There are 2 protein chains.
Amino acid sequence: MKVPKYFHVKSQILALIADLGPGDPVPTERDLAETFATSRTTVRKAIAELVADGRLVHTQGRGTFVAEPKLMQVRQLTSFSQDLTSEGWRPGSVVLDIAEVAADAELAARLRVPEGARVHRVERLRTAADEPIAHEVAHLPGPLPRLAEELDRLGSLYATLRECYDIELALVEDTVETAVADPQQAALLGCDTGQPLLLIHRTGLDVDGTVVEWTRSVFRGDRFRFVALQRVGADAVPVAGASK
Amino acid sequence: MKVPKYFHVKSQILALIADLGPGDPVPTERDLAETFATSRTTVRKAIAELVADGRLVHTQGRGTFVAEPKLMQVRQLTSFSQDLTSEGWRPGSVVLDIAEVAADAELAARLRVPEGARVHRVERLRTAADEPIAHEVAHLPGPLPRLAEELDRLGSLYATLRECYDIELALVEDTVETAVADPQQAALLGCDTGQPLLLIHRTGLDVDGTVVEWTRSVFRGDRFRFVALQRVGADAVPVAGASK
DNA sequence: CACCCGGATTGGTCTATGCCAATCTATCAA
DNA sequence: TTGATAGATTGGCATAGACCAATCCGGGTG
């Protein structure tokens with residue numbers, strides 16, 4: 001196996017930070033290049049992978065530091081707040097946009113409404129300990145009068161659906177895939193462009209099998225772990241129309 | 001929003017390949033650098049992200065090509081074979097190693113057996129249409145006589161457990177996170193080092209709640225999508241000891 | 001003391017270039 | 001026809017250097 005040089009550098013940096021704690025500074029890229037007798041480009045490639053791994057964080061003008069060993073996980077996105085709270089994080093969310101829009105072809109199919117139907121669109125930035133961890137755009141069919149006000153009052157989207165509109169989620173289908181951050185997402189999430197992300201699409205159904213939400217979430221891959229608990233056999237029923 | 005040049009190049013390449021079909025060649029890196037009036041380094045960074053996105057594939061000595069729009073998905077890893085078959089892929093697996101080993105501390109905790117207990121280790125490369133898509137290491141507790149022979153006979157690990165040892169999975173907990181490919185994984189999966197991967201850990205329980213497997217799977221992020229179907233409420237019971 | 005500003009530091013991007021490794025192709029020989 | 005081989009092509013890795021942008025720090029000013 002031919003191992004490129006930047007991979008050796010990566011190992012050496014890992015050895016360096018083994019004795020350090022979260023938040024401790026790592027030597028500058030120029031220093032590392034000199035001590036490892038290599039170029040800054042090679043050091044940067046090694047550091048980039050360590051950042052993607054969640055081992056380091058770096059900020060322009062400040063430096064590079066050992067990352068917090070913070071892998072947050074949620075069991076179900078519907079209990080996002082509880083999960084994070086129980087693990088000691090302070091969950092929060094910032095509503096970036098909330099509006100009524102006309103459903104395009106794909107959205108109509110996902111929500112099983114006629115194309116052009118008016119649906120609600122809720123765009124939020126989800127945070128933990130005031131740090132952005134996910135960008136989320138939810139689409140909800142049906143009339144939901146005063147959604148903005150109620151959501152603002154209760155904070156939680158699912159609590160709002162339950163308490164204000166008597167909508168109770170019974171089944172969710174999540175699809176999880178990887179993506180790489182584009183400049184917009186990177187800016188929102190406070191990570192580098194090109195960083196691996198977890199892209200999660202969620203279809204939520206109530207007890208009748210009616211689609212009550214279709215949501216696209218983008219999580220920072222270096223901070224997050226998704227957990228799914230599945231029964232074998234009985235639950236293996238696809239949500240019709242939920243897959244591409 | 002400041003958008004770096006390589007991102008513009010990425011967009012321009014996307015425009016180029018919009019009219020092309022899967023397998024069609026893309027101009028060489030040196031050509032692209034010239035037509036976009038930039039350096040090869042910048043072109044390579046743009047291409048690297050497009051490869052991570054699953055839009056392009058490239059091979060040393062051959063060139064760069066438009067990728068197949070192949071996003072495979074499985075609903076449950078326990079029905080890997082059925083899921084892929086039903087979507088037209090030809091699933092297969094290659095047993096790389098199968099042995100009995102002593103459980104170290106972490107493995108013992110995961111499987112809920114004493115440290116040092118003998119457990120089975122099954123390392124496989126999973127394929128679809130003869131293309132590697134996942135590297136999987138399964139650990140199984142308890143005596144499973146002639147496991148290698150039976151697994152070789154039936155092909156499927158879950159079928160073997162069910163038919164030969166009367167072990168039926170009832171509940172699985174999957175955790176999904178991102179990772180980047182190291183040289184070994186890249187070689188096994190046929191992708192670039194540094195490419196985003198889906199790292200999935202699975203704990204499988206039978207009806208009694210006994211842990212019957214603990215498995216670590218690494219999927220190519222550019223080809224794969226994980227699907228989880230979850231009931232809301234009742235199923236939200238953590239698998240004790242399954243989380244770090 | 002509080003504030004502002006300018007230089008030094010550090011990461012972010014881009015260039016130009018060289019050589020290596022895998023592949024393909026055209027040629028030549030058996 | 002078949003097979004080996006040498007050269008050209010293409011991506012893979014690494015270098016050295018330049019300049020930009022964000023941050024930090026220290027000194028001067030009010």
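Not measured: the values here are computed from a predicted model. Order of the sequence lines sets the chain letters (A, B, ...), proteins ahead of strands, with each chain counted from 1. The basis for the numbers below is simple: all heavy atoms, side chains too, and nothing from hydrogens, waters or symmetry mates.
For the pair A/R44 CZ and C/dT10 P, the computed distance is 14 Å after rounding to whole Å. Atom-to-atom, CD of B/E29 to C1' of C/dT23 comes out at 14 Å; the value is rounded to the nearest Å. Distance B/D192 CG to C/dA21 C1': 14 Å, rounded to the nearest Å. Per the geometry, CZ belonging to A/R62 stands 20 Å off P belonging to D/dA21, to the nearest Å. To the nearest angstrom, C1' of D/dC20 lies 8 Å from CD of A/Q60. Look at CZ on A/F36: it is 14 Å from P on D/dA14, rounded to the nearest Å. Rounded to a whole Å, the CD atom of A/E34 is 14 Å from the P atom of D/dT15. Look at NZ on B/K45: it is 10 Å from C1' on C/dC14, rounded to the nearest Å.
Partner A/V66 forms a side-chain contact (heavy atoms from CB on, under 4.5 Å) with one of A/L16, A/L50, A/V57, A/V26 and no other, that one being A/V26.
Set against D/dT15, C/dG12, C/dC14, the side chain of A/T38 has D/dT15 as its closest nucleotide. Nearest to the side chain of B/K5, among D/dT15, D/dG11, C/dT15, sits C/dT15. Listed nucleotides: C/dC14, D/dA14, C/dG11. Nearest to the side chain of B/Y6: C/dC14. Distance from the side chain of A/R30 is smallest to D/dC19 among D/dT10, C/dA16, D/dC19.
Heavy atoms of A/T28 sit under 4.0 angstrom from primed sugar atoms or phosphate atoms, though from no base atom.
Here A/D222 pairs with A/R220 in a salt bridge; the nearest charged N to carboxylate O distance falls below 4.0 Å. Salt-bridge annotation for B/R110 and B/E106: present, with a side-chain N of the basic residue lying under 4.0 Å from a carboxylate O of the acidic one.
A donor-acceptor contact shorter than 3.5 Å links the side chain of A/Q185 to the backbone of A/D182.
Remark: the B/T41 side chain and the C/dA16 base include a donor-acceptor N/O pair separated by less than 3.5 Å.
In plain terms, the two heavy atoms of B/I47 and B/L32 that are nearest each other are CD1-CD1, 4.1 Å.
If A/T42 and B/T64 are placed on DNA chain D by their nearest nucleotide, the residue sitting closer to the 5' end is B/T64.
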